[in-house]
Each structure stands twice: as structure tokens, then as C-alpha cells.
*Asks:* 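Sharing a structure below in C-alpha cells format, with a few things to ask.
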Amino acid sequence: MSLKINRVTTHPFDGQKPGTSGLRKRVTVFQQPGYTENFVQATFDAVTLNVLRGKKLVIGGDGRFLVPEVVQIIIKMAAANEIGRVIVGTNGILSTPAVSNLVRARKAQGAIILTASHNPGGPEGDFGIKYNVENGGPAPEGVTNLIYECSKKIQSYSIADIPNVDLSKPAEHSFGSGFAVEVVDSVDEYVTCMKSLFDFAALRAYCSDPANKFSMLVDCMHGVTGPYATRIFVNELGNASNSVMNNIPLPDFGGGHPDPNLTYAAALVEKMKNSEHTFGAASDGDGDRNMILGKKGFFVTPSDSVAVIAANFAHIPYFKQSGLKGLARSMPTSAALDRVAAKLNVEFFEVPTGWKFFGNLMDASRLSICGEESFGTGSDHIREKDGIWAMLCWLSIMAATNSSVEDVLIKHWTTFGRNYFSRYDYEEVDSDKANSMVAHLQQFVANPALLVGKQFGRFTVASVDDFAYTDPVDHSVSLHQGIRIIFADGSRIIYRLSGTGSSGATIRVYIDSFETDSAKLTMDAQVALKPLIETALELSKLTEFTGRKEPTVIT
Ligand code: VG1
Ligand code: CO
């Protein structure tokens with residue numbers, strides 16, 4: 001029996017260009033008739049014929065508003081576009097790392113992830129659609145550019161006339177002769193993966209031994225991580241049931257901003273300050289980001305976190321067995337990881353912002369552990385960053401060395417020196433104003449002599465450029481990835497515009513400064529970086545161009 005397929009006439013919508021991580025817009029934009037269908041069809045047009053026909057596609061969302069409706073639309077469009085099998089999480093829910101893992105575990109040819117990650121949800125919030133390829137990672141720019149081209153030419157989309165599928169429990173549903181929907185438990189396969197990487201018995205023993213005085217608190221921020229964190233940290237590792245907070249995924253994330261940083265996860269920080277918990281962590285809406293805290297809210301920057309995990313790789317069974325192939329970070333991430341790579345004598349890569357740039361290196365067996373300053377940490381076990389994985393790494397290091405978070409970090413700084421790092425975000429700036437500021441900075445790129453050799457306090461400008469990256473594996477080139485002012489001592493100021501915002505422009509200013517003086521290793525980062533931050537604002541004339549005196553978020 002063949003399915004009844006409807007071909008619906010449509011017209012292109014402007015602006016369906018995927019950004020740093022998929023297409024992100026306001027929910028109301030996706031609710032326009034045909035908008036979502038167009039983008040899904042453009043995605044299938046870009047990849048179906050040679051890749052997905054008759055094959056497997058994973059679909060999962062972070063539980064935000066609109067996910068249930070869009071999952072049903074994609075299932076019907078997948079059927080119409082001759083995809084053989086859709087694998088979908090219960091109620092359409094899968095964390096981003098769980099999707100990446102399912103693609104690999106089930107040898108699927110692609111995935112569609114419904115998330116706007118750390119952006120707020122609910123009817124007034126954001127929605128997003130992202131396509132991942134068969135290695136389980138975000139589609140590379142070649143594919144996302146093709147999706148955009150298809151979205152500009154689209155004239156119709158195809159959708160099968162089948163009823164909504166019951167996603168409330170794991171089951172197999174067949175339609176016609178060649179299409180099936182397999183509903184799988186959202187958490188099971190991911191737990192199996194984590195058990196293959198970490199020593200759960202040792203972690204359970206560490207967490208439950210009263211002599212360690214260990215207690216943890218994980219803030220799931222009402223994002224997708226709740227069921228994963230509960231299963232792993234409570235059920236598997238035996239921590240108290242109140243070790244996880246805000247662990248029920250909500251369509252609007254409880255009205256919050258599910259971004260694990262000191263500003264938006266302030267509730268966790270407060271609870272840590274007022275309790276004796278020895279380990280704190282938070283993750284974002286779709287579960288790929290993480291924040292790590294020690295006792296009394298002691299903050300670990302993501303740039304330090306990835307460096308610590310890399311330096312301690314031998315305490316993590318997966319790396320102990322497979323060895324460390326290489327390390328990588330996104331360009332704005334602090335250079336703490338560079339020093340670990342040098343010491344361990346492994347290959348090191350600096351890539352543009354966005355997880356998609358790590359995939360080729362992992363596929364080529366040249367990269368094991370990588371991270372971004374934006375609270376993303378991960379490894380080649382999958383092809384997305386992975387919040388819970390990062391927490392399990394820290395637990396493994398604490399258990400193996402019997403040390404607190406603070407001790408681990410201070411030992412790291414003492415060994416390697418410390419990179420002070422901070423990022424200033426100016427959200428929803430008028431796009432024209434942001435662009436004028438970038439144009440102003442581009443003058444220095446075009447004519448570095450304007451700055452090179454100039455002295456700003458103790459910093460002397462060594463070079464100015466606009467970061468460009470040539471992928472060492474497929475040799476594709478990505479231009480304009482951020483303006484860098486690099487100083488003689490390796491300190492850096494970086495400016496870039498966000499590619500994940502849904503309205504206006506977000507300016508990001510990144511400051512990275514290296515310190516080896518053992519007397520200055522435990523300063524407050526804002527105090528340590530003050531002169532460089534002032535230089536960054538002065539050189540960019542940020543306040544003059546944008547009218548903004550203060551950043552929206554400091555991390
Ligand atoms: C931001 C971060 C980047 C991260 C991306 C997706 O991008 O800076 O490091 O990979 O978000 O993260 P941008 O272009 O806004 O700076 V997530 O958790 O949204 O998948
Ligand atoms: Co995310």
C-alpha cells in the first residue's frame with residue numbers, strides 16, 4: 001500500500017539561513033503557515049536524494065514550546081520524502097547529545113534536532129531547527145549553505161496524509177509498505193553510552209562514601225537534561241533525589257533563560273553558596289552545555305574546564321583505553337588548553353566558533369577532547385558537546401584524585417599558569433549600529449600598522465586579523481570568524497557577532513590574558529582583566545557606536 005502524499009504549493013520565506021547552530025527564530029516566525037514546512041523541505045531537498053532515501057532519520061527536541069507539533073509535521077514530511085525510518089524519542093524529547101549518540105548507535109544517516117538551545121522558550125520565546133549528518137554532528141557549512149539555497153527556490157513541500165503518531169511510549173508504528181516510526185526511550189541509549197565511557201561502579205562508590213563528604217546539586221533549568229540527570233546521578237550513582245533541581249522539562253523552561261552561566265543560573269549559585277554541596281553543575285535547554293561549580297559556588301570557567309579534563313584524561317576510562325588523539329578549542333576560548341596540548345605533546349587545533357568545526361577532526365581520528373568558552377565541552381564519543389558527560393568527567397577526576405573542585409583547579413593553575421578569561425555580551429543591539437562598530441574594527445584589520453607596536457598599559461599589540469580557518473581534513477575555508485587583537489605576551493581581545501540570536505545583533509567581546517606569577521593565580525577575573533577590558537572597549541568605541549554602557553551578560 002502506498003501512502004497518500006500531498007504536494008502543497010508554497011513561496012520562499014526570507015532569512016532561512018542556518019546560523020552557528022541551525023535556524024533560530026521566534027516561535028511566532030515558525031508558526032507562520034508554511035514557514036516550518038518550507039525549512040524542513042529545504043533540508044530534505046538539500047540532502048534526501050543522495051543520503052536519506054529509504055534510510056534512517058533521528059528526530060528529537062528539547063521539550064520547548066512547539067516541539068510536539070513540529071515533530072508530527074516532520075514525521076509526515078519524512079514519509080512523503082521517502083525516508084525509510086524515523087527514530088524519535090518518547091514525546092519527541094531527546095537531548096542534543098542523545099540525538100548525536102542515537103545517530104551513531106543506530107547508524108542513522110541524519111537527524112533533525114528541534115531546539116534553540118539556551119534561548120528562552122514558550123509562545124513568546126525562540127524555536128530552532130538544526131540538521132545533523134551521519135557522523136552525528138551538526139551539518140557542515142557546505143550543507144547548511146545548500147539548505148539555504150533550497151529555501152530560496154522552494155515552490156512546494158510534500159507531506160503524507162497519515163495520522164499523528166502516538167509518541168507517549170516506546171513502540172513501532174508502520175505506515176504503507178516502506179515507512180516506519182520507531183519511538184524509543186529518550187534516555188536508555190545515552191546511559192548505555194555513558195556506561196561505556198566511565199566507571200560507574202567507582203563513581204557510585206565515591207558519591208556514596210560518607211568519608212568523602214560528597215554531595216552534588218545539578219540544575220537542569222527545566223530543560224531537557226532533567227530525565228538524564230535523574231537517571232544517571234540519582235538512580236545509577238546513588239545520589240540523593242534532591243541532587244537534581246528543576247529537573248522536569250517545561251515548554252517555557254519555567255519562564256527562565258536556560259543558559260548555564262553565573263547570570264542565568266543564579267539560583268544554583270545561590271543554593272551552592274548557602275549549602276555544603278561539594279559539586280554543582282548546570283546544563284542548558286538542550287543539554288549540550290554545562291557549568292561546573294565547586295563548594296560555595298566556586299566557578300570553573302569553561303576554558304579551564306576543558307583544559308583540566310584534558311590534563312586529567314588518564315582518570316577517565318575511555319581516554320585511558322583509547323589514548324589522547326588530539327585537543328582543540330574554538331578560537332575565542334582561552335589558551336589554557338594550548339598549554340596542556342604542548343605538555344602532553346599531542347596535536348592541537350584552533351577552530352572557529354561552533355561545534356560543527358570539530359567533527360572532521362574527530363572523524364579523522366585526530367581529536368579526542370575539545371571545548372568552547374561558551375560552556376561547551378565534549379569528546380569524540382559523539383559529535384556534539386555534552387553537558388552530562390562533562391559533569392561525569394569532573395566526578396571521575398574528583399574520585400580518582402580524591403580532591404575537591406577547587407583543589408583540582410588550583411593544582412592545574414600552579415602547573416600550567418592561569419589564563420584569565422571573560423566574555424562580555426551585548427544582546428539585542430541594533431544591527432546597523434553593531435555593523436558600524438565591526439566596520440570600524442575592520443580598519444585595523446585592513447591596516448594593522450594603525451595598532452601594531454602600540455602600547456596599552458603593559459600590553460603591546462603584536463598583530464591584528466580577522467580569523468580565517470582552513471579545515472585540515474577537507475580543506476574548506478571559513479572566513480570572517482572574529483576580529484583578533486593579539487598582544488606580545490599572548491593576551492588577546494576578540495570581537496565577533498553572534499550567529500545564534502533571533503533578533504537584532506549580539507556583540508561578543510572576549511578577553512584572554514595569561515598569568516604565571518604564582519602570587520596572582522587566584523585573583524577575581526574581572527579585577528585581573530580590567531585593564532584589557534577597558535582597552536577592548538576603547539579600541540572598538542563600543543559605547544559610542546551602540547549607546548551601551550554595560551554588557552547584558554558577563555561570563
Ligand atoms: C554560541 C556560542 C558558540 C556555540 C553556539 C551554539 O554561538 O558562542 O560557542 O557553539 O552558541 O551553542 P554564537 O554564534 O551565538 O556566538 V548551543 O548550546 O546554542 O547549541
Ligand atoms: Co545548547
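Counting convention: from 1, in listed order, for ligands and their atoms alike. Values in this document were obtained by computation on a predicted structure and should not be read as measured data.
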*Asks:* Could I get the full list of ring-ring contact (aromatic ring centres under 6.0 Å, His included) partners for Trp394, not counting sequence neighbours?
*Replies:*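 Counting only residues at least two positions away or on another chain, Trp394 forms no ring-ring contact (aromatic ring centres under 6.0 Å, His included).
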*Asks:* Tell me the closest heavy-atom pair linking Leu532 and Ser491, and the distance in Å.
*Replies:*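 Looking at all heavy atoms of both residues, the shortest contact is CD2-CB, 3.9 Å.
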*Asks:* Checking a contact table here: which protein heavy atom is nearest atom 17 (V) of ligand 1, and how many Å away?
*Replies:*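 Going atom by atom, the protein heavy atom closest to atom 17 (V) of ligand 1 ends up being Ser117 OG, 2.8 Å.
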*Asks:* Could you check atom 1 (C) of ligand 1 against the protein and tell me its nearest heavy-atom contact, residue, atom and distance included?
*Replies:*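 For this ligand atom, the closest protein heavy atom is Arg289 NH2, 3.6 Å.
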*Asks:* Using a 4.0 Å cut-off to any heavy atom of Ser21, which atoms of ligand 1 qualify?
*Replies:*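 Result: 6 (C), 20 (O).
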*Asks:* Which atom pair, heavy atoms only, marks the closest approach of Glu372 to Gly354?
*Replies:*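 Scanning both residues completely, I find the closest heavy atoms to be OE2-N, 2.8 Å.
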*Asks:* How far is atom 7 (O) of ligand 1 from its nearest protein heavy atom, and which residue and atom is that?
*Replies:*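 For atom 7 (O) of ligand 1, the nearest protein heavy atom is Thr500 CG2, 3.5 Å.
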*Asks:* Show me the pairs that pass salt bridge (Lys or Arg N to Asp or Glu O under 4.0 Å) and involve residues 475-485, at least two apart or across chains.
*Replies:*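 For residues 475-485: Glu350-Arg484, Asp465-Arg484.
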*Asks:* At less than 4.0 angstrom from any non-hydrogen atom of Thr353, what atoms of ligand 1 do you find?
*Replies:*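 So the answer, numbered in order with elements, is 3 (C), 8 (O), 9 (O).
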*Asks:* Check this for me - ligand 1, Lys130, N or O atoms closer than 3.5 angstrom, yes or no?
*Replies:*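 No, no N or O pair falls under 3.5 Å.
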*Asks:* Measure distances from the Co ion (ligand 2) and count the protein N, O or S atoms below 2.8 Å.
*Replies:*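 Count of protein N, O, S atoms less than 2.8 Å from the Co ion (ligand 2): 4.
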*Asks:* To the nearest 0.1 Å, how far is atom 12 (O) of ligand 1 from its closest protein heavy atom, and which atom is that?
*Replies:*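 Residue, atom and distance for the closest contact: Lys385 NZ, 2.9 Å.
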*Asks:* When you measure from atom 20 (O) of ligand 1 to every protein heavy atom, which one gives the shortest distance, and what is it?
*Replies:*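 In this structure, atom 20 (O) of ligand 1 has Asp288 OD2, 3.1 Å as its nearest protein heavy atom.
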*Asks:* Heavy atoms only: give me the nearest Gly287-Val224 pair and the separation to one decimal.
*Replies:*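 Looks like N-CG1, 3.7 Å.
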*Asks:* Any non-hydrogen atom of Arg423 lying under 4.0 Å from ligand 1?
*Replies:*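 Within the 4.0 Å threshold, so yes.
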*Asks:* When you check the side-chain N and O atoms of Ser476 and Glu141, is any donor under 3.5 Å from an acceptor?
*Replies:*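 Result is no, nothing qualifies.
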*Asks:* Go through ligand 1 atom by atom and flag the ones less than 4.0 Å from a non-hydrogen atom of Arg24.
*Replies:*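 Answer for ligand 1: 17 (V), 19 (O), 20 (O).
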*Asks:* I want to check something: taking the side chain as every heavy atom from C-beta on, are Tyr228 and Val218 in contact at a cut-off of under 4.5 Å?
*Replies:*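 Tyr228 does not reach Val218 side chain to side chain.
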*Asks:* Using 30° and 60° as the class limits, which term best fits the ring planes of Tyr426 and Tyr424: parallel, tilted or perpendicular?
*Replies:*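 Ring orientation, 0 to 90° scale: tilted.
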*Asks:* With atom 4 (C) of ligand 1 as the reference point, say which of Glu372, Glu384, Met331 has the nearest heavy atom.
*Replies:*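 Looking at heavy atoms only, the winner is Glu372.
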*Asks:* Would you call the rings of Trp389 and Phe319 parallel, tilted or perpendicular, taking 30° and 60° as the class edges?
*Replies:*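 It falls in the perpendicular class, over 60°.
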*Asks:* One residue to check: Ser374. Relative to ligand 1, which of side chain, backbone, both or neither has a non-hydrogen atom less than 4.0 Å away?
*Replies:*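 Answer for Ser374: side chain.
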*Asks:* Quick one: closest heavy-atom pair of Ser422 and Gln526, and the distance?
*Replies:*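 So the two residues come closest at OG-NE2, 2.9 Å.
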*Asks:* For residues Phe253 and Asp62, report the shortest heavy-atom separation together with the two atoms involved.
*Replies:*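 Heavy atoms of Phe253 and Asp62 come nearest at CZ-OD2, 4.0 Å.
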*Asks:* Within the 4.0 Å heavy-atom shell around Arg508, which atoms of ligand 1 are there?
*Replies:*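 Matching atoms, with element in brackets: 8 (O), 13 (P), 15 (O), 16 (O).
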*Asks:* Quick check for you: to the nearest 0.5 Å, what is the distance between Gln443 atom CD and Ile483 atom CD1?
*Replies:*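 CD1 of Ile483 is found 10.5 Å from CD of Gln443.
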*Asks:* Mind checking whether Gly354 has a heavy atom under 4.0 Å from ligand 1?
*Replies:*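 It does, in that a heavy atom of Gly354 comes within the 4.0 Å cut-off of ligand 1.
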*Asks:* Please confirm whether Tyr510 comes within less than 3.5 Å of ligand 1 when only nitrogen or oxygen atoms on both sides are compared.
*Replies:*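 No: no nitrogen or oxygen of Tyr510 is under 3.5 Å from one in ligand 1.
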*Asks:* Counting C-beta onward and ignoring hydrogens, is there a side-chain heavy-atom pair between Val67 and Phe127 closer than 4.5 Å?
*Replies:*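 Yes - at least one pair of side-chain heavy atoms lies under 4.5 Å apart.
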*Asks:* Which is it for Asp284 and ligand 1 at heavy atoms under 4.0 Å: side chain, backbone, both or neither?
*Replies:*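 Answer for Asp284: side chain.
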*Asks:* What residue pairs, at least two apart or across chains, pass salt bridge (Lys or Arg N to Asp or Glu O under 4.0 Å) with a residue in residues 357-367?
*Replies:*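 Output for this query lists Glu347-Arg366, Asp363-Arg383.
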